[in-house]
Amino acid sequence: MPKINSYGDDSPIAAFATTPGSGALTLIRCSGKGAPELAEKIFSQPEKLRHAAGNTVIHGWIIAPNGQKVDEVLAAVFRAPKSYTGEDSLDISCHGGSAAGKGVMAALRDCGFRDALPGEFTFRAFMNGKLDLTQSEAVMELVCAQTDKGRSHAINRLSGVLEQEINAIKQQLVAVLSGVEILLDYSEDEISANADEAAGRFSGQQPVREILARLRTLAQSWRRERIYQEGILAVIAGRPNAGKSSLFNLLLKEERSIVTEIPGTTRDWIEAVISLDGIPIRLADTAGLRESFEPVEKIGVERSRGLLEAAELVLYLIDGAAGITGEDTAFIGEFQAAHNKLLLILWNKADITPLPARIKIDNDCISISAKTGTGIAELESAIVTTIEAGLNTADAAASLGTVRQKNLVEAAAAALEETLALAEQGQPLDLIAPLLREAVNSLGEITGEVSTADILEEMFSKFCVGK
Ligand SMILES: Nc1nc2c(ncn2[C@@H]2O[C@H](COP(=O)(O)OP(=O)(O)OP(=O)(O)O)[C@@H](O)[C@H]2O)c(=O)[nH]1
Ligand SMILES: [Mg+2]
């Protein structure tokens, strides 16, 4: 029994495609067998709706069963298979605000539409061959994209760039597998011209290595994509009064954090998202690091430390006016030792005390003034360069967009690694063939060529309603 048995039918469904709230318009999407005919019952111009050709827009009113006008709308009519879902569909634009949309939805329910499940429109598009799974996932990525880079990568996948790469890799692999299957089906000496094959051994190491390299490049692309989708946590740290909150506000271009000359001003940490060169950065301002016996500040310092544990990038601020202290060198040493973190050291208050030619740390220091803004542009580009260098992968044309895709690429790669290991040991083809089949299946699962109802339901149920 499937978990949610409504996925997979073709009954008429409806859902808000826009978030109800104040705005000029609300879009309600309807799809399914007989959707336009059903909507005739609540439309002021049923004849027009009945005879409307696909890809046309008609004007009218939604009329409640009691005869009252609900809203004045435009209905875009799409006829199967030329629609997003591949079914007969209707996009109703009604007035914005929550009341008009709710009224139209209620009328649609009254005439027989049921509420769409999360991702059900895209599910139907997939089932009707309109999109493969990588494109379906790209739709969701696009809806969630926070920056222009995230959007453009999702658009690439929506246009089928990833699907094509996966299919090309799969084709290469199927060629290797079919060579093996033939040898398994016929006796070697009947067909083989190759010494390995004649001895019943695998001879496809070279193509398998090439395929593996392509899969590894794809798997690496996920690290970059994850950062474009989720962003990275960058924590501003330093001793009290170093200027952390001033820098936070400056990067945010907003007076969000309280700045005073009193050391220990920031107690609880504050987080906000900025975008640098298309990378979403979750920037956190923290309480100044020092031994404190004052209870509130003490908790603040503990929280700073907790956040620093999770940080992917630490912006460590030295108070230039006070000069570098033993505490600074100790903290910097600690962050340098944490190998999973990127670290940038900033010399602040350069307007009062310029960065000395020699200081007691090994790292390069970026000179800034959080008061005047000097050095901030350089800091922003250093943040981007540091993240890019930390990623250690080029911005590839075909890249993975979801953890699901990454897990399947890794599963295919693992099967091929095992293939090579067995081949190295001179193991027989009947042990190698299942591994190659497993890799082919994993690749097929990425695009949805190989799929089960459970996997699909699990995937689409994470989408938003109306998509
Ligand atoms: N001249 C000068 N003053 C600065 C600079 N950056 C910060 N200040 C001043 O230093 C003082 C402390 O600044 P904050 O931004 O509150 O420092 P903080 O590191 O957040 O301090 P805590 O929250 O107490 O840990 C304020 O008076 C700021 O105006 C700078 O670049 N130049
Ligand atoms: Mg502060």
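Start at 1 and go down the list; that is how both ligands and their atoms are numbered. Since the structure is predicted, the reported quantities are computational estimates derived from the model, not experimental observations.
Heavy-atom contacts of Gly264 reach the following atoms of ligand 1: 22 (P), 24 (O) (cutoff under 4.0 Å). The Ser245 neighbourhood of ligand 1 comprises atoms 15 (O), 18 (P), 20 (O), with distances under 4.0 Å to a heavy atom of that residue. Below 4.0 Å from some heavy atom of Ile262 lie the following atoms of ligand 1, by number and element: 24 (O). Within ligand 1, the atoms closer than 4.0 Å to a non-hydrogen atom of Ala242 are 19 (O), numbered from 1 in the order shown. Close approach to Asn348 involves these atoms of ligand 1, each under 4.0 Å from a residue heavy atom: 5 (C), 6 (N), 31 (O). Interface atoms of ligand 1 facing Ile352, defined by a heavy-atom separation under 4.0 Å, are 1 (N), 2 (C). For ligand 1 and Ser369, the ligand atoms under 4.0 Å from any heavy atom of the residue are 30 (C), 31 (O), 32 (N). Under a 4.0 Å criterion applied to the non-hydrogen atoms of Pro263, ligand 1 contributes the atoms 24 (O).
A salt bridge does not link Glu210 to Arg214: none of the charged nitrogens lies less than 4.0 Å from a carboxylate oxygen. The pair Glu334-Lys341 does not meet the salt-bridge criterion, since no charged nitrogen lies less than 4.0 angstrom from a carboxylate oxygen. Between Glu309 and Arg305, no side-chain nitrogen of the basic residue sits less than 4.0 Å from a carboxylate oxygen of the acidic one, so the salt-bridge criterion is not met. Looking at Lys406 and Glu225, no side-chain N of the basic residue comes within less than 4.0 Å of a carboxylate O on the acidic one, giving no salt bridge. Of the charged side-chain nitrogens involved, at least one lies within less than 4.0 Å of a carboxylate oxygen, so that Glu417 and Arg216 count as a salt-bridged pair. Between Arg404 and Glu445 there is no salt bridge, since none of the side-chain N atoms of the basic residue sits less than 4.0 Å from a carboxylate O of the acidic one.
Contact between Thr26 and His95 at its shortest, heavy atoms only, is OG1-O, 3.5 Å. Heavy-atom minimum distance, Asn241 versus Asp319: O-OD2, 3.3 Å.
Only one option out of Thr386, Leu283, Ile366, Ile345 pairs with Leu315 in a side chain to side chain contact (heavy atoms under 4.5 Å, CB included); it is Leu283.
What sits closest to atom 28 (C) of ligand 1 on the protein, heavy atoms only, is Val259 CG1, 3.7 Å. Given atom 22 (P) of ligand 1, the protein heavy atom at minimum distance is Asn241 N, 3.6 Å. Shortest contact from atom 17 (O) of ligand 1 to any protein heavy atom: Gly243 N, 3.1 Å. Protein heavy atom at the shortest distance from atom 15 (O) of ligand 1 is Ser246 OG, 2.6 Å. For atom 3 (N) of ligand 1, the closest heavy atom belonging to the protein is Lys371 CD, 3.6 Å.
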Exercise. Show your working on salt bridge (charged side-chain N to carboxylate O under 4.0 Å, His left out) between Arg157 and Glu163 and close with a plain yes or no.
Key: CA-CA 7 Å; Arg157 283 185 283 276; Glu163 182 195 10; over 6 Å; no
Practice problem: Applying salt bridge (charged side-chain N to carboxylate O under 4.0 Å, His left out), run through Arg267 and Glu294 and close with a yes or a no. | Solution: CA-CA 11 Å; Arg267 302 300 184 88; Glu294 197 274 309; 3.0 Å; yes
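Nearest-heavy-atom check against atom 9 (C) of ligand 1 across Glu297, Lys244, Lys349, Arg267 picks out Lys349.
Here Asp351 has side-chain heavy atoms under 4.0 Å from ligand 1, and that is the only part of it that gets that close. The backbone of Thr260, and not its side chain, has at least one atom closer than 4.0 Å to an atom of ligand 1 (non-hydrogen atoms only; backbone = N, CA, C, O).
Backbone or side-chain N, O or S atoms of Ser245 reach the Mg ion (ligand 2) at under 2.8 Å. For the Mg ion (ligand 2), the set of nearby N, O or S atoms under 2.8 Å includes one belonging to Thr266.
Geometrically, ligand 1 and Gly288 share a nitrogen or oxygen pair separated by less than 3.5 Å. For a threshold of 3.5 Å applied to N or O pairs, the pair formed by Ile258 and ligand 1 contains no separation below that value. Geometrically, ligand 1 and Ala370 share a nitrogen or oxygen pair separated by less than 3.5 Å. Checking only distances, Ala287 never comes within under 3.5 Å of ligand 1, N or O to N or O. The shortest N/O to N/O separation between Thr266 and ligand 1 falls below 3.5 Å.
A heavy-atom separation below 4.0 Å is not found between Gly238 and ligand 1. Heavy-atom distances between Asn249 and ligand 1 stay at or above 4.0 Å for every pair.
Taking the side chain as every heavy atom from C-beta outward, Asp132 and Leu162 never approach each other to under 4.5 Å.
Relative orientation of the Tyr228 and His153 rings is perpendicular, given thresholds of 30° and 60° on the angle between their planes.
The main-chain N or O of Ile13 is never found under 3.5 Å from a side-chain atom of Ser31 such that the two would form a donor-acceptor pair.
Side-chain atoms of Asn249 and Ser257 form no donor-acceptor pair, as typed in the model, at a separation below 3.5 Å.
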